[in-house]
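Report on one structure; see the data block that follows.
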Amino acid sequence: MTSGVGFSEILLILVLIVIFINPKQLPGLIRKTSKTAAQLRSAVRKYMDDVNR
């Protein structure tokens, strides 16, 4: 039994996003999400470096 997210689930999520969010706002939302994810990865990397010392 796997708990991974498959292609159909990802496709369903993308369709729901396009339905509920104005397509004109989508590029800005993607930029904000990407920036937040990069900041989170950076913070986690810094935390892991501090823990491993």
Salt bridge (charged side-chain N to carboxylate O under 4.0 Å, His left out) against D50, all qualifying residues, sequence neighbours excluded:
K46
Can you list the residues that meet the side-chain contact (heavy atoms from CB on, under 4.5 Å) rule with D49, with sequence neighbours excluded?
none
Table please: side-chain donor-acceptor pairs of residues 16-37 below 3.5 Å, with sequence neighbours left out.
residue: N22; atom: OD1; partner: K24; partner atom: N; Å: 3.2
residue: T33; atom: OG1; partner: L29; partner atom: O; Å: 2.8
residue: S34; atom: OG; partner: I30; partner atom: O; Å: 2.9
residue: T36; atom: OG1; partner: K32; partner atom: O; Å: 2.9

Run through the side-chain heavy atoms of Ile, Leu, Val, Met, Phe, Trp and Tyr, join any pair under 4.5 Å, and report what else lands in L11's cluster.
F7
Listed partners of V44 passing side-chain contact (heavy atoms from CB on, under 4.5 Å), at least two apart:
L40, M48
Going by the rule side-chain contact (heavy atoms from CB on, under 4.5 Å), which residues pair with L14 if we only count those two or more places apart in sequence or in a different chain?
I10
